[in-house]
Structures are given as C-alpha cells and as structure tokens.
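Worksheet: the structure to be examined is printed underneath.
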2 protein chains.
Amino acid sequence: NQSALADIVTELENSLSFEQIAVLLEAFPIPLRKLIWQLINQEVQQQVFIEMRNESRQLILNASEDEQCFPLFEKLDADELLDLSENLSDRFVDYAVSKMTDKQRALFKKAQEFSNDEVGHWQSFDDIQIPQRLKTSAIKKILSNSLPPLTEVFYVTQHDAKLIGEVAIAKLIVMQDDTPISTVMNRDYEVLLTTDNIYSAAEKVIISGKSALPVVDLTGCLTGRLDLQQAHTIREEQKDIQLFKSSGMIEEEDLFSNIWISSKNRAVWLGVNLVTAFLASWFIGLFEGTLQQVVALAVLMPVVASMGGISGSQTLTLIIRGLALGQITDANQKAIVLKELKVGCINGLLWAAIIAGITYLWFENPLLSLAIYIAILGNIIIASLSGVWVPWLLTKLKIDPALSGAVILTTVTDIFGFITFLGLGALFLT
Amino acid sequence: NQSALADIVTELENSLSFEQIAVLLEAFPIPLRKLIWQLINQEVQQQVFIEMRNESRQLILNASEDEQCFPLFEKLDADELLDLSENLSDRFVDYAVSKMTDKQRALFKKAQEFSNDEVGHWQSFDDIQIPQRLKTSAIKKILSNSLPPLTEVFYVTQHDAKLIGEVAIAKLIVMQDDTPISTVMNRDYEVLLTTDNIYSAAEKVIISGKSALPVVDLTGCLTGRLDLQQAHTIREEQKDIQLFKSSGMIEEEDLFSNIWISSKNRAVWLGVNLVTAFLASWFIGLFEGTLQQVVALAVLMPVVASMGGISGSQTLTLIIRGLALGQITDANQKAIVLKELKVGCINGLLWAAIIAGITYLWFENPLLSLAIYIAILGNIIIASLSGVWVPWLLTKLKIDPALSGAVILTTVTDIFGFITFLGLGALFLT
C-alpha cells in the first residue's frame with residue numbers, strides 16, 4: 001500500500017501550497033505523519049517545514065533520525081532561519097549557519113542581535129536598495145529582473161547605505177534614461193526603526209496603506225523592510241497566542257502533541273483553578289450550619305455563581321478589546337464603569353426577578369425567593385463592575401488581562417455570589 | 001474652553017490617520033464624542049466615518065440631526081457605500097446613491113446583487129483594466145499616472161471585458177514601445193469568482209503571495225479585485241466576531257453603546273445560561289436528602305464542577321482551531337479522542353489525588369476523599385472527551401462551535417460532576 005500512498009503524496013505536492021501541506025500534516029497522528037513526511041520530495045519538505053507551526057516542527061524532528069533532518073537546514077535564507085531558530089537545538093542552528101551564503105550568514109548574525117519583540121529580529125531582507133550614484137538606465141536594468149512580492153517602491157541609499165528616499169517603480173515606466181532619479185524621488189516617507197516594538201510596527205505597516213515600510217538602524221542606514229503580509233501574520237499570531245493563553249495553555253499545541261507535554265502545558269491552569277475553587281469552597285464551608293438547615297440553598301448555588309460569571313465575562317471581553325486598542329484611559333474609565341453599572345442593573349433586575357419567580361414555583365418559599373433575588377441582582381452588578389476593574393487593574397500591574405482576567409473575575413463573582421446568597425439565607429431562613 | 005478643544009482636534013487631524021481617529025473617538029462618552037465630532041473638518045469627518053465600526057457609526061448618526069449627516073454621504077465610491085450600507089437607513093443610502101457618479105452608482109447596484117458572503121459584494125473596483133488592442137506606448141502613459149495601492153500587475157481584457165491575462169508593471173520598464181503586450185502577458189494565473197465564498201476567497205489571496213487576485217463573473221469578465229489588505233481585514237473581522245459571540249454577545253459593542261441595546265445584546269446569553277444552570281440545580285435537587293446528611297458535599301461541589309470545566313475548555317480551544325483549519329476528519333477523529341483521553345487520564349490522576357488529599361486534611365473522612373477522587377478523575381476524563389465530541393457534533397449539525405460549544409460543554413461537565421460526586425456521596429456516606 002506504500003506505493004498508493006506515494007501517489008497520493010505526489011498528487012498533494014502538486015495541487016497544494018506549502019502552507020496548506022503544513023496544515024494538512026497536522027491532521028495526521030504521529031506515526032502516519034512520519035510515514036507521509038518521508039514520502040515528500042526533499043525540496044518540498046524544506047519549504048513545508050518552514051511554513052509549519054513551531055510545535056509541529058518539533059514533532060517532525062523528534063520522530064526522525066538527526067541524519068535525515070540535516071537536509072532541512074541546507075541553504076536557508078536569513079529570514080527563514082530566523083523563523084525556525086527560536087526553539088531549535090544548537091546543532092541544527094550551527095549546521096544551518098555553516099551552510100548559508102556569506103551574505104545571508106551576516107544578515108542572520110545581525111538580526112540575532114535584536115530581541116524577539118524588536119523589528120530588527122523580524123524584518124525581511126528582500127528590499128531593493130539602489131545606490132544614489134546609479135544612472136537611471138542601470139536602475140531600469142536591475143528592476144526589470146523579477147521583483148520580490150509586495151514591491152511597489154525601491155529605496156535610494158547613499159554610499160554608506162543611508163536611506164535618502166523612495167521611488168515608485170511605476171514612475172520609471174515613462175522616465176527618460178537621462179533624467180536623474182532624484183527628480184522623482186519621494187523624500188517624505190515613514191520608516192521603522194530596528195529597535196521599534198514589533199507589534200506597534202506591524203500596526204504602522206497595516207495603517208500605512210503601503211505594501212511595506214523600510215527599516216533603518218539608529219544611524220539611518222537601510223537594513224531591510226517589513227511588508228504587509230508579515231505585519232498581518234505578526235498581528236494574527238499575537239491574537240492566536242492570546243486565545244490559547246486565555247484557556248490557560250502556556251504554549252500552542254499540535255492536535256497530536258506528545259501527551260506528557262500536553263498534560264504539563266494544561267496542568268498549570270488546573271492548579272490555579274484548584275486554588276480558587278478551594279477558596280470558594282472555604283467560603284461555602286463558613287455556612288455549613290445554614291446549608292444543613294436549608295438544603296435548597298445548596299441546590300441553587302450554581303445558578304447564583306454562573307449568572308455572575310457570564311455577566312462578568314461579557315463586560316471583560318469588551319474591556320479587553322478596548323484596552324488593546326488603547327481606548328480606555330484614566331479619563332474615561334469612570335464613564336465606562338457608569339455605563340456598565342447601568343447595563344448590569346437592567347439585566348440584574350430582569351433576571352433576578354425571573355429567577356426569584358422560578359424559585360418560588362419550585363420551593364414555595366417567599367424568603368428564599370427574596371434571598372436569591374438580592375443575591376443575583378447584586379452579583380450581576382458586581383460582575384459588571386469587576387469586568388471593568390479587574391482587567392484595568394491587571395493592566396496597571398503590567399499583567400496581560402487576556403491571560404488571567406477570566407479566572408480572577410469568576411473567583412470574585414463566585415465568592416461574592418456564595419457569601420451574599422448563603423449569608424442572606426442564614427439571615428432570613430434560620 | 002471650546003477653542004482649546006478645537007485646537008486639539010485640529011492637531012489630532014494632522015497627526016493621526018483616519019483609522020486612528022475612528023478608534024480614538026470610541027474612547028469618548030457620547031456627549032463629549034458628539035462635541036469633538038462637530039469640531040472635525042467636514043472632509044476628514046467623511047473619511048473617519050468610513051473607517052469606524054458599524055456600531056460607532058450608528059451612535060454618530062443617532063447623536064446628530066439628519067441635516068448634519070447628509071454631507072457624510074456625498075460623493076462616495078461604490079466600495080465605500082457598500083461598507084457603510086449594511087445597517088444604514090434607506091434615506092441615507094438613497095441620498096448617497098443620488099450623489100454618486102454614474103459609474104460608481106452602476107458598480108454599487110451590481111455589487112448589491114450579491115449576498116454578504118460572496119466575493120461580488122466585497123471586491124474593490126480599483127483594478128487596472130487594459131484593453132488588449134491598446135499599444136504599449138498608450139499603456140505606459142496610462143500606468144505612469146498614480147496607481148492604487150497594492151498594484152503590481154495590470155489585467156488585460158478583450159473588448160467584452162473578458163480577462164485574458166495579467167502583466168507585471170515592472171515588465172514595462174525596459175519594454176520597447178513597439179513590442180506587443182501579448183509577449184509579456186502571463187496567461188496562467190489564479191482568479192476568484194464573484195460567487196465564491198468570501199472567507200475562502202480571502203484565504204486564497206493570503207496564500208497566493210500576491211498583493212491582489214482578480215475577480216471575474218461567470219462569463220469570465222473582469223469585475224474587480226480583492227487585495228491583501230481587504231483579505232486580512234475580512235479574516236480578522238471574522239475572528240473578532242467569533243470572539244464576541246463566544247461570550248454570548250450577538251453584536252459587537254461600542255464601549256459607550258446605548259445601554260438598552262447593550263442590555264438586550266447580552267440578555268440572550270444570560271437566558272441560555274439560566275436554563276442550563278437550573279438544569280444543573282435540578283440534578284443537585286435529586287440528592288437533597290444526601291446533602292442534608294453530608295453537608296461537606298455541598299461545600300466541595302464547586303471544586304468538582306470547575307476542574308471539569310477548565311479541562312474541557314482547554315480541549316475545546318484546540319479542537320475548534322483544528323476544525324477551523326479543516327484538520328479534523330472522520331478518519332483521524334478516533335486518534336484525537338484517544339490522545340485527549342490519555343492527557344485527561346494523566347491530569348485526572350494527578351489532580352484527583354491532590355484534591356482527595358486536601359479533602360482528607362480538611363474533613364478527615366476517607367470515604368469523602370474517595371468519592372471526590374473518583375468524581376474528579378471521571379469528570380476530567382469526560383471533559384476531555386466532550387471537548388472533542390461536542391464541537392465535532394455541533395459542526396456536523398452546522399452550528400458554529402465557537403458560539404455555543406463552551407456553554408454545552410460546561411453543562412455536560414457540571415451535570416456529570418454533580419451526579420457522580422453526589423451519587424457516590426449517597427452510596428458511601430449515608
């Protein structure tokens with residue numbers, strides 16, 4: 001059956017992009033994935049490997065002999081090795097560096113000087129630099145060769161690589177060979193610094209309406225560029241990581257990650273939850289006597305807690321986006337709290353009344369209904385307020401609210417809900 | 001103080017992009033936002049209005065007299081009005097249509113024939129069409145005028161607008177005026193159909209590595225294009241909407257939305273939660289007698305429920321991404337279930353032991369410890385399995401798992417957890 005599989009793999013190689021093959025591979029359990037991987041043409045292997053997510057690359061490396069892996073690291077560009085190198089063992093990085101061209105090796109070493117969240121680490125080197133002294137006819141000849149994608153302008157530099165202007169490629173079409181390039185050069189353009197934060201730089205590229213922005217170092221020399229595709233990829237990766245973090249996974253996972261690594265990845269959050277859950281239990285434990293007398297309180301506890309949790313998380317979603325967009329400041333925070341308070345009151349009054357009604361029909365105890373009415377109303381209001389204050393406070397403390405906001409919030413609403421409901425129960429019913 | 005504010009607004013107009021101003025405006029409560037809005041220069045107003053999210057536009061329209069709003073709809077392009085028209089009242093759409101140029105009006109009417117999820121509705125009309133019969137010198141003259149952003153190629157059409165090829169603009173630089181354009185024309189290129197699904201079309205553009213793909217109708221005539229910036233915007237909007245939906249908000253909200261609209265937006269999910277919470281309560285109610293005898297069970301209930309909830313949501317996050325990428329099929333679903341089962345067992349055994357230990361230290365009752373040990377282990381395993389099966393089943397039923405997956409999952413884990421824990425409690429302890 002091996003040969004039938006080989007036919008299918010060849011068919012896929014021809015009809016899918018490298019990125020699509022990378023995504024497809026993740027759909028296979030490790031043993032089968034390994035089998036398919038070995039049938040893929042070596043050149044295609046390398047390109048697919050570059051497109052994979054980091055976790056999936058690790059699985060391929062672990063499933064194969066080192067010998068078989070080395071060809072993946074032949075003749076890489078600096079850009080490509082930078083993408084790969086983050087979690088790669090030193091022997092592969094060293095091998096890849098030794099097989100690079102001198103130019104790419106120099107670019108790689110330079111990029112490594114920058115940290116992970118600086119533009120210098122992520123810029124690409126496929127920009128087109130034209131020395132100022134070149135004649136227009138020579139420039140035309142250079143540009144008539146194939147251009148990298150997303151290239152609408154070229155950059156003009158002085159002899160020390162200092163960036164002095166940009167020229168739209170389309171301008172050259174009707175330009176005479178004897179007209180100097182400086183007559184069509186745009187001297188007023190946005191640049192990124194190698195030391196800029198990569199996330200704000202990506203936003204700048206996206207807002208610029210251009211297909212790329214040039215990157216210069218502190219001396220004003222052109223070192224590369226950041227294009228629109230990279231900018232969006234960086235923005236989306238950041239959002240994806242936040243999604244995984246918000247369910248308490250430290251790393252992104254592959255569908256078929258090693259089970260020990262997966263388990264470890266998820267255990268941390270279960271441990272955090274354990275602490276907050278026992279905290280809630282401890283508060284419930286304070287009312288043991290009351291619960292024994294009025295067991296209906298135990299029956300209704302989940303209703304009080306979950307209505308608060310949902311309200312709070314709705315406000316939290318809105319506020320986290322507002323914080324990410326920089327829309328929430330000291331100046332308008334009060335107004336936001338006021339608005340959420342009003343929304344909390346409306347939904348609180350509505351659902352507290354409905355729940356009190358159902359409780360009355362179920363247990364036929366007006367005092368129990370009154371207790372749950374007050375507890376639900378109070379909990380929805382507290383949840384709305386905490387939905388603003390918790391992420392706000394976390395941001396002030398420089399903690400990512402997308403990561404821990406939801407846990408802290410539900411702890412607050414659980415505990416507040418239990419104390420009010422059981423406290424009122426003790427007051428009214430025992 | 002009005003004049004100081006006017007100065008600030010002018011300063012902002014000069015230093016920020018239209019998109020940035022739109023985001024900034026959302027940070028102000030409605031009365032102040034209205035004041036600032038009126039100080040913005042009329043031409044800037046129109047561009048900022050186009051960049052706003054739909055909800056914020058509505059707020060501006062509601063806060064102003066109709067008279068003042070009409071200028072926002074003067075001289076719009078078809079693209080721009082399409083962006084705006086979705087939730088705009090007819091009187092504004094009609095006014096905008098009446099103020100368009102004939103060409104833009106025709107394009108707008110045509111795009112309106114397509115539904116919201118078809119490419120025809122979203123394509124832009126800034127593509128460059130060159131009739132095949134034109135001489136190279138004429139083409140050069142046309143292209144030397146300013147090009148729209150993200151334009152690296154132009155499209156060659158026959159007299160009936162049928163698309164027959166594309167030419168890279170850079171090819172023209174060294175081309176002689178007497179060489180026919182057909183010699184450099186690329187005849188093998190990807191196209192999108194006006195009736196293609198917009199989300200898969202956006203993916204195609206992103207994967208293509210090009211800055212835009214041409215859009216043709218069913219007869220092969222060029223009708224427009226979809227560029228990389230639009231493609232990413234469509235993909236990101238889809239993800240943003242999912243984020244809001246996953247916390248049970250039907251629509252995206254502005255920080256300062258009308259409180260009645262906000263309340264309604266959030267009430268639906270609170271209602272759904274009410275039903276599932278009472279369902280859980282009903283199951284707890286079956287064990288009223290047991291709870292009365294062993295009140296510690298009531299105290300520990302939240303621990304059992306929340307450990308299951310967290311485990312399940314971690315698996316769910318992984319599976320929803322896998323489903324979105326098309327990585328989960330009938331063929332590999334079993335293997336995924338098996339892997340999640342193993343991960344669930346590892347974390348289940350670990351945390352059940354820890355929780356049983358803490359329970360023993362707290363209540364000094366070995367049978368209670370045993371009950372919570374089995375309940376936690378079982379619930380974490382069930383949660384891991386449901387984390388795969390629930391979204392899988394929802395997808396089969398054509399329901400978006402990002403929307404309702406979490407609610408159904410926690411309902412399953414809550415109810416399973418309560419029944420096991422209270423059932424074992426009844427068995428061992430009464």
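Letters A, B, ... are given to chains in the order of the sequence lines, protein chains preceding strands, and every chain is numbered from 1.
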Side chain, backbone, both or neither of [X] within contact of chain B (heavy atoms, under 4.5 Å):
X        : result
A:Leu143 : both
A:Phe363 : side chain
A:Thr315 : both
A:Met301 : side chain
A:Lys140 : both

Checklist entry - To the nearest 0.5 Å, what is the distance between CG (B:Asn332) and CZ (A:Arg33)? => result 9.5 Å
Checklist entry - How many angstroms lie between atom CG of A:Leu24 and atom OG1 of B:Thr329, to the nearest 0.5 angstrom? => result 9.0 Å
Checklist entry - Which pairs, with at least one residue in residues 267-293 of chain A and sequence neighbours excluded, count as a side-chain hydrogen bond (donor to acceptor under 3.5 Å, both in side chains)? => result A:Asn273-B:Ser306
Checklist entry - Who wins among A:Asp414, A:Thr151, A:Leu297 for the most heavy-atom pairs under 4.5 Å with chain B? => result A:Thr151
Using side-chain heavy atoms (C-beta onward) and a distance below 4.5 Å, is [X] in contact with [Y]?
X        : Y        : result
A:Leu150 : B:Glu152 : yes
B:Val299 : A:Phe287 : no
B:Gln229 : A:His232 : yes
B:Ile346 : A:Trp260 : yes
B:Phe256 : A:Ile336 : yes
A:Leu270 : B:Ser311 : yes
A:Leu291 : B:Leu291 : no
A:Leu255 : B:Ile319 : yes

Please determine, among [options], the option with the most heavy-atom pairs under 4.5 Å with chain A.
options                                : result
B:Gly271, B:Ser313, B:Gly326, B:Ala280 : B:Gly271
B:Leu32, B:Ile310, B:Leu172, B:Leu25   : B:Ile310
B:Gly285, B:Pro29, B:Ser211, B:Ser257  : B:Ser257
B:Ala277, B:Ser263, B:Ala298           : B:Ser263
B:Leu316, B:Val295, B:Thr410           : B:Val295

Item to check | Minimum heavy-atom distance between B:Ala267 and A:Trp351, given as atom pair plus value | outcome: O-CZ2, 3.2 Å
Checklist entry - Nearest heavy-atom pair of A:Ile207 and B:Gln20: which atoms, and what distance? => result CD1-CG, 3.8 Å
Item to check | side-chain contact (heavy atoms from CB on, under 4.5 Å) between A:Arg266 and B:Leu318, worked out | outcome: CA-CA 11 Å; A:Arg266 304 186 199 178; B:Leu318 189 68; 3.6 Å; yes
Region of [X] in contact with chain A, defined by heavy-atom distances below 4.5 Å:
X        : answer
B:Phe18  : neither
B:Ile206 : both
B:Lys339 : both
B:Pro149 : both
B:Ser17  : side chain
B:Leu300 : both
B:Ile355 : both

Next on the checklist: Using a 6.0 Å cut-off, check whether atom NZ of A:Lys210 has over 12 heavy atoms from anything other than its own residue.
Outcome noted: yes
